[in-house]
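In what follows, a structure is listed as structure tokens, so that the remarks can point back to it.
Predicted model only: the values in this text are computed from it and were never measured. We count ligands from 1, going down the list as the structure has it; atoms in each ligand are counted the same way. One-based numbering along the sequence shown.
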Amino acid sequence: MGDALNFIEHIVEEDIRTDKNDGRVLTRFPPEPNGYLHIGHAKSICLNFGLAEKYGGLTNLRFDDTNPAAEETEYVESIKEDIQWLGFDWEDREFYASDYFDQLYEFAEQLIRDRLAYVDDSTSEEIAALKGTPTKPGTHSPYRERSVEENLKLFREMRDGIHEEGTKSLRAKVDMASPNMLMRDPIIYRVKKVPHHRTGDKWNIYPMYDFAHGQSDSIEKITHSICTLEFENHRPLYDWFIEKLGIFPSRQIEFARLNLSYTIMSKRRLLILVNEGYVTGWDDPRMPTISGLRRRGYTPESIRDFATRVGIAKRNNVIDLSLLEFSGRSHLNKIANRAMVVLDPIKLVITNYPEGQKEELPAINNPEDETAGSRMLPFGRELFIERTDFMEDAPKKFYRLSPGRNVRLKHAYIIHCEGFVADSNGFVQEVHCTYYPETKSGQDKSGIKSKGTLHWVACDKARDVKVRLYDRLFNEENPLAHEGKDFIEFLNPESLKVIEHAKMEPNIPTEEVGAKYQFLRTGYFTIDKDSASETLVFNRTVTLKDSWKKIQNK
Ligand code: ATP
Ligand code: MG
């Protein structure tokens, strides 16, 4: 990374140097309100707002709401919430492509008057049949040479609802022989008698994306219109409209979209997961949506850090999900209070600790943050530890409990394993230890050795909490890359594991929804909105280490 500029920053700096647009930088983030934002959008948001911040410019939020069928107000609200949460501010510059419908309509009439657009009576099949192929030029429509008057009359009739859907469209008169198929007289307006979430039933015609997006940029005087690579071959058309209409010359710049392994980024497919109940909603913590990542426990800082690490490329690539997890961990390590929670409890009895004796041991909340203070941990004769921290016949490198071995209990004492109690099936029910009173944490001058350190919770003060452990949503790195197979087939059936009765220490500093914790040795967790007053529910954001990588590399 370092301080090297990415290719878009190079363009912007050159524009500033040559005083293009008077040195002004105005970008925009243009979501279509047809779903919740995902991590790919987050990358685009960070890029657009980040560039403006860096070069003293501004960023508009513009809803690209030209398709009345799929768009909803719920999505508008969620999009605004997500951008704000990421830490960006569009101030009063909240725009809608639909606000420009009158102006876009005027642009269309202007093209007609300049003999650069015509009403075509062909059906979409007929238009397709005359389009040609990339190597074979198309054929002119029989309606291409209509007079300006006739075109104006017909286009106004389309606007006024006189013509039915599919019977007429307005096409730009560009070049039916262009090697770029998008330049072969693209449709710019179609009849669509569907009410719009903002303009109601005012319009019977709607502009196509290519006629709305660039012109909206121009109307807002956007200087750098950044979009993903799929739009590269739309650029000649984008520039053609600007030139022919004589409007503000926004510049379109394409970059590679973010692809993440083991998940999908298409709103249409994410909607299927939601609608068909494969997940609990757009904010299910397994979803790659911003709201899902937020609920999962990711912080805005970690997502912005991820966007920076991913960088800006000109070629499409796939980023490993573990990079996102890395960014998540790095920030959570700094801000999360530590807590002791036993996920799969087994009882440990300290046989030489007097019955009825109690003590409280100080524990610092966050070694990375002195201001986080400390809390008291109740300690006693009976504790819970993780079942996996005890082994009857342990290999030499097992630095946990096994008969005859020492370990330290975090913030407490070194203990020595004496034995265990098993049921008739050999299932271990209790681990028995003795402790060394002279090894109290912070005061230990005994010289007694121990290798591992375990987390634990006092049985009589333990609080039951519910814990949700997540794994990747799909088993396949790219669930969409398997021809003839539905991506649903690759859903990971073990993407969610719920622990109903984990044992937590009693005195955590805050129980607010969204509070972040590092459970010692098991990962970073956040309090979920499903928490009721009696049961806290925690979502695991990420494990402490990248266990997946290790498994894969074996
Ligand atoms: P999807 O394919 O998920 O439906 P979209 O491109 O249709 O996404 P828009 O709402 O049109 O979604 O996108 C808004 C902005 O976010 C656009 O500028 C688009 O280029 C950008 N964007 C969308 N997906 C990604 C991605 N995966 N990586 C980077 N930018 C993205
Ligand atoms: Mg889109």
Side-chain angles (χ1 to χ4, degrees), residues 6 8 26-52 59-67 69-72 74-80 82-83 86 88 90 94-98 197 208-210 212-214 216-217 220 222 224-235 238 250-275 282 287-293 303-304 306-319 321 323-324 478-480 487:
N6 65 49
I8 300 181
L26 180 61
T27 59
R28 87 286 173 264
F29 175 65
E32 184 182 350
N34 62 349
Y36 281 57
L37 297 181
H38 52 58
I39 182 81
H41 294 115
K43 178 178 173 184
S44 174
I45 292 167
C46 292
L47 173 58
N48 279 294
F49 282 89
L51 264 183
T59 305
N60 292 355
L61 170 60
R62 183 198 319 135
F63 290 99
D64 228 322
D65 57 351
T66 51
N67 175 10
E71 295 159 1
E72 283 178 34
E74 177 199 343
Y75 298 137
V76 169
E77 294 310 316
S78 74
I79 288 168
K80 291 201 271 188
D82 289 348
I83 301 172
L86 278 176
F88 298 108
W90 59 94
E94 175 180 328
F95 302 119
Y96 293 80
S98 57
H197 76 122
M208 300 299 286
Y209 174 87
D210 279 323
H213 192 90
S216 301
D217 285 343
E220 293 175 13
I222 299 297
H224 301 86
S225 171
I226 299 162
C227 61
T228 42
L229 281 180
E230 318 86 86
F231 293 97
E232 194 166 14
N233 55 353
H234 294 243
R235 183 163 17 101
Y238 184 100
S250 301
R251 172 170 178 190
Q252 176 179 308
I253 303 165
E254 308 87 15
F255 75 105
R257 64 167 42 231
L258 171 70
N259 299 303
L260 254 194
S261 59
Y262 301 99
T263 190
I264 53 172
M265 291 284 179
S266 137
K267 280 185 278 186
R268 188 173 60 77
R269 294 193 180 88
L270 293 174
L271 182 65
I272 294 174
L273 296 180
V274 173
N275 283 348
W282 284 100
M287 292 280 271
T289 51
I290 297 179
S291 49
L293 294 168
I303 293 180
R304 294 202 303 262
F306 170 71
T308 309
R309 284 176 194 281
V310 165
I312 304 301
K314 282 193 204 182
R315 287 247 183 96
N316 280 321
N317 58 357
V318 180
I319 301 294
L321 189 56
L323 186 64
L324 177 63
N478 183 355
L480 302 179
F487 72 102

Near [X], which atoms of ligand 1 are under 4.0 Å from a heavy atom of that residue?
X: S44; answer: 16 (O), 21 (C), 30 (N)
X: H41; answer: 8 (O), 9 (P), 10 (O), 12 (O), 13 (O), 14 (C), 16 (O), 22 (N), 23 (C)
X: T228; answer: 20 (O), 29 (C), 30 (N), 31 (C)
X: S266; answer: 3 (O)
X: P30; answer: 14 (C), 18 (O)

Report task. Using the test salt bridge (Lys or Arg N to Asp or Glu O under 4.0 Å), find all partners of R62 that sit at least two apart in sequence or belong to another chain. Result -> D217, E220
Short side-chain to backbone donor-acceptor contact, [X] and [Y], under 3.5 Å:
X: T289; Y: W282; result: yes
X: R28; Y: I226; result: yes
X: T308; Y: R304; result: yes
X: S225; Y: Q252; result: no
X: S250; Y: I222; result: yes
X: D65; Y: A97; result: yes

Query raised in the report: Under 4.0 angstrom from ligand 1, any heavy atom of F231?
Result: no
Query raised in the report: Touching ligand 1 at all, H38? Heavy atoms, strictly under 4.0 Å?
Result: yes
Report task. Pick, from A42, G35, G40, the option with the minimum heavy-atom distance to atom 31 (C) of ligand 1. Result -> G40
Report summary line: Heavy-atom proximity to atom 1 (P) of ligand 1 ranks first, among K267, R269, R28, for K267
Requested in this report: Check the pair R257, E230 against salt bridge (charged side-chain N to carboxylate O under 4.0 Å, His left out), reporting the backbone distance first and the verdict last.
Outcome: CA-CA 9 Å; R257 64 167 42 231; E230 318 86 86; 2.9 Å; yes
**Report entry** Nitrogen or oxygen of K43 less than 3.5 angstrom from that of ligand 1
**Finding:** no
**Report entry** Close N or O approach (F29, ligand 1; < 3.5 Å)
**Finding:** no
